[in-house]
Amino acid sequence: MDYDLSEQQTDIRDLAYQVALRDLKPIREKHDEEEKFPWDAVKKMAAADLFGVYLPEAYGGLGGGLMEQVLVIEQLSRVCGGIALCFAGSGLGVLPIMLLGTAEQREKYIPDLASGKKLAAFSITEPEAGSDATAQKCTAKPDGEHYVLNGTKTFVSNGEAAETYVVFASTNPSRGARGISAFIVEKSTPGFGFGKKERKMGIRANPTYELVFQNCRIPKKNLLYKEGFGLFTAQTTFDCSRPGVAAQALGIATGAMDETMAYIRQRKQFGQPISSFQVIQHMMADNATQTEAARALLYATAKAMDKAMKPVYEKAISDKAIVYDVLNNTMDVKRWTKESAMSKFYCSDVAMKVTTDCVQMCGGIGYMRDFPVEKFMRDAKITQIYEGTNQIQRNEVAMMMIREYASAAKAQASVRT
């Protein structure tokens, strides 16, 4: 399918896949088995300038946008979703700084993240605050020129590998959801440590850790945006980041089909290749069609968001303003909650279905750990869960549809009167 990619986008896509085949594929089984962070692969991705493809040139990036990020995540995930998460997880940590950070915060943190010299992580989940992000127990109390952070965060991708963390904590528990704020926390900050390393079903090449804060003093200048705007920060971030999860899922589905097609074309039963049986061909056709439909939705979403958001970024950088303020106060740009959620839940549902079918088509060997298809199936599952479960995504889509139809009905009523 021709998606009218620019020459630069095509080059970025092809380079990412070359890096994946050359540097990720030989080590994916080892890192999945050992659950160790793939520093060598990350260094190769950084050397290829992949970490900056979606960031502005003003901060050392290549000046691309979400489409470029999606292309890289998809192609890396086509080989290994776990190692690809090193790239995607850092992107999730960069986004709130780009969207809600001051010009000074952007200039301080983003260049090292754009070069891959440092990695970022995003930390909102707690033992009692998963889908319900309002149930935060982690606190950040003002103390002179600092906030004192206490509490625990769980399920943090890029775990102890990151250097720059975006952390959510309550600055005013009495205000509930409106008392939550977001902070940039550096790894070297006293009182910041790591707890449990999780044992996971999939994406095992990216260790997931618990973060522990014990009287961790954060400079007030590390507050993102304003006190009480933490959930706005999270939602604004997710509106822009969920296509990245969709891209990971799409890459995983494609990678599973790559491996499966190679196998079923040469594997014979009853004297003929498995691929010649009609029941297998129907599964192949369904999987290919659903994957292409997912890609079309994701690419359309990414392109539309870039068309709207790139001018916002450019104006904010030029004016040394906060992107969120430009987005809401000076430019007529819609929220992308619905489209972002659609892409995330559709692509990840397709990935789970496709990878399950691929294991089935490969038969017994598909279930074995020394054959890569079962890994794709394990890696696919998390894409239905993190950055908001697919049930939550459907809630988001429905909520936005209700608002849109209510707005349209009101406008029609106004015209009639």
Side-chain angles (χ1 to χ4, degrees), residues 3 9 12-29 31-32 37-38 41-42 44-45 48 50-51 53-54 66-92 116 119 157-158 200-208 241-261 287-288 290-292 294-299 301-302 343-356 358-359 372-387 390:
Y3 287 104
Q9 289 170 338
I12 287 171
R13 180 197 64 191
D14 294 347
L15 174 61
Y17 191 47
Q18 290 168 13
V19 169
L21 290 175
R22 184 189 67 219
D23 301 318
L24 275 58
K25 190 171 184 177
I27 64 171
R28 67 182 177 187
E29 183 178 355
H31 283 277
D32 179 69
F37 195 84
V42 169
K44 297 288 179 58
M45 287 187 268
L50 295 182
F51 282 95
V53 296
Y54 61 96
L66 178 59
M67 188 66 205
E68 285 75 11
Q69 185 184 36
V70 159
L71 290 170
V72 173
I73 294 172
E74 179 188 358
Q75 295 306 314
L76 297 178
S77 301
R78 186 176 171 184
V79 170
C80 181
I83 300 178
L85 183 57
C86 305
F87 172 89
S90 190
L92 176 60
L119 300 180
S157 299
N158 279 352
K200 300 178 296 184
M201 173 192 294
I203 57 165
R204 290 153 53 102
N206 188 297
T208 298
S241 70
R242 282 172 175 153
V245 179
Q248 183 188 27
L250 180 60
I252 289 169
T254 304
M257 288 198 297
D258 290 342
E259 299 286 353
T260 300
M261 288 300 298
N287 289 340
Q290 291 158 7
T291 302
E292 205 60 56
R295 182 173 288 110
L297 173 61
L298 173 59
Y299 285 12
T301 298
S343 297
K344 194 269 186 187
F345 82 69
Y346 187 75
C347 289
S348 58
D349 282 352
V350 165
M352 197 67 241
K353 189 265 185 186
V354 167
T355 55
T356 303
C358 285
V359 170
V373 173
E374 64 85 32
K375 176 186 180 302
F376 284 104
M377 182 179 174
R378 288 187 288 110
D379 287 350
K381 185 60 195 176
I382 191 61
T383 64
Q384 293 181 305
I385 298 172
Y386 60 15
E387 288 195 41
N390 283 6

**OP:** Test salt bridge (Lys or Arg N to Asp or Glu O under 4.0 Å) on Glu74 and Arg78 and set out the steps.
**Re:** CA-CA 6 Å; Glu74 179 188 358; Arg78 186 176 171 184; over 6 Å; no
Subject >> Pairing residues for Phe376 by the ring-ring contact (aromatic ring centres under 6.0 Å, His included) criterion, not counting sequence neighbours >> reply: none
**OP:** Could you tell me which residues satisfy side chain to side chain contact (heavy atoms under 4.5 Å, CB included) with Thr291, sequence neighbours excluded, listed by chain and number?
**Re:** Leu250, Ala253, Thr254, Met257, Arg295, Val350, Val354
Original post:
Hey, does Thr383 have a side-chain heavy atom less than 4.5 Å from the side chain of Cys347?
Top reply: no
**OP:** Go through the side-chain N and O atoms of Ser90 and Asn158 and say whether any donor and acceptor fall under 3.5 Å apart.
**Re:** no
Subject >> Partner set under side-chain hydrogen bond (donor to acceptor under 3.5 Å, both in side chains) for Tyr386, not counting sequence neighbours >> reply: Gln248
**OP:** Please round to the nearest 0.5 Å and tell me the distance separating atom CD of Glu387 and atom CD1 of Ile382.
**Re:** 10.5 Å
Subject >> Polar side-chain atom of Thr355 near backbone of Met352 as donor-acceptor pair, under 3.5 Å >> reply: yes
Original post:
Would you call Tyr54 and Val72 a side-chain contact if the rule is heavy atoms closer than 4.5 Å?
Top reply: no
**OP:** Report the relative orientation of the aromatic rings in Tyr3 and Tyr299; use parallel for angles under 30°, tilted for 30 to 60°, perpendicular for over 60°.
**Re:** perpendicular
Original post:
For Ala205 and Pro38, which heavy atoms make the closest approach, and how far apart are they?
Top reply: O-CD, 3.0 Å
**OP:** Working to the nearest 0.5 Å, report the span between CE of Met201 and CE of Met377.
**Re:** 8.0 Å
**OP:** For Cys86 and Val42, work out which heavy atoms get closest and say how close.
**Re:** CB-CG2, 3.8 Å
Original post:
Donor-acceptor pair, Asp379 side chain versus Gly202 backbone, under 3.5 Å?
Top reply: no
Subject >> Minimum heavy-atom distance between Ala249 and Ser348, given as atom pair plus value >> reply: CB-CA, 3.6 Å
**OP:** With the side chain counted from C-beta on, respond yes when Asp14 and Gln75 share a heavy-atom pair under 4.5 Å apart, and no when they do not.
**Re:** no
**OP:** Search all heavy atoms of Val70 against all heavy atoms of Ala302 and return the closest pair with its distance.
**Re:** CG2-CB, 4.3 Å
Subject >> Atom pair CD1 (Ile252) and SG (Cys358), whose distance is rounded to the nearest 0.5 Å >> reply: 12.0 Å
Original post:
Does Ile83 reach the side chain of Leu76, with side-chain heavy atoms less than 4.5 Å apart?
Top reply: no
**OP:** Please tell me if the side chains of Glu29 and Lys375 come closer than 4.5 Å, counting only heavy atoms from C-beta onward.
**Re:** no
**OP:** Go through the steps for Arg378 and Asp32 under the test side chain to side chain contact (heavy atoms under 4.5 Å, CB included), then give the verdict.
**Re:** CA-CA 11 Å; Arg378 288 187 288 110; Asp32 179 69; 2.8 Å; yes
**OP:** Check step by step if salt bridge (Lys or Arg N to Asp or Glu O under 4.0 Å) holds for Arg28 and Glu259.
**Re:** CA-CA 14 Å; Arg28 67 182 177 187; Glu259 299 286 353; 2.9 Å; yes
Subject >> Nearest atoms (heavy-atom pairs only) where Ile27 meets Ala41 >> reply: CD1-CB, 3.8 Å
Original post:
Taking C-beta and beyond as the side chain, do Arg204 and His31 meet within less than 4.5 Å on heavy atoms?
Top reply: no
Subject >> Working for side chain to side chain contact (heavy atoms under 4.5 Å, CB included), residues Gln69 and Phe87 >> reply: CA-CA 9 Å; Gln69 185 184 36; Phe87 172 89; 4.1 Å; yes
**OP:** Give a yes or no on whether the backbone of Leu71 and the side-chain of Arg13 come within a donor-acceptor separation of less than 3.5 Å.
**Re:** no
Subject >> Any side-chain donor near an acceptor of the partner, Lys200 and Asn206, under 3.5 Å >> reply: no
Original post:
If you look at every heavy atom in Ala88 and Ile73, which pair is closest and at what distance?
Top reply: CB-CD1, 3.8 Å
Original post:
From Ile203 CD1 over to Ser157 OG, what is the distance, rounded to the nearest 0.5 angstrom?
Top reply: 5.0 Å
Original post:
With distance as the sole criterion, is a donor-acceptor pair present between the side chains of Gln290 and Tyr346 under 3.5 Å?
Top reply: no
Original post:
Any donor and acceptor pair, going by atom type alone, linking the side chain of Lys344 with main-chain N or O of Ser241 inside 3.5 Å?
Top reply: no
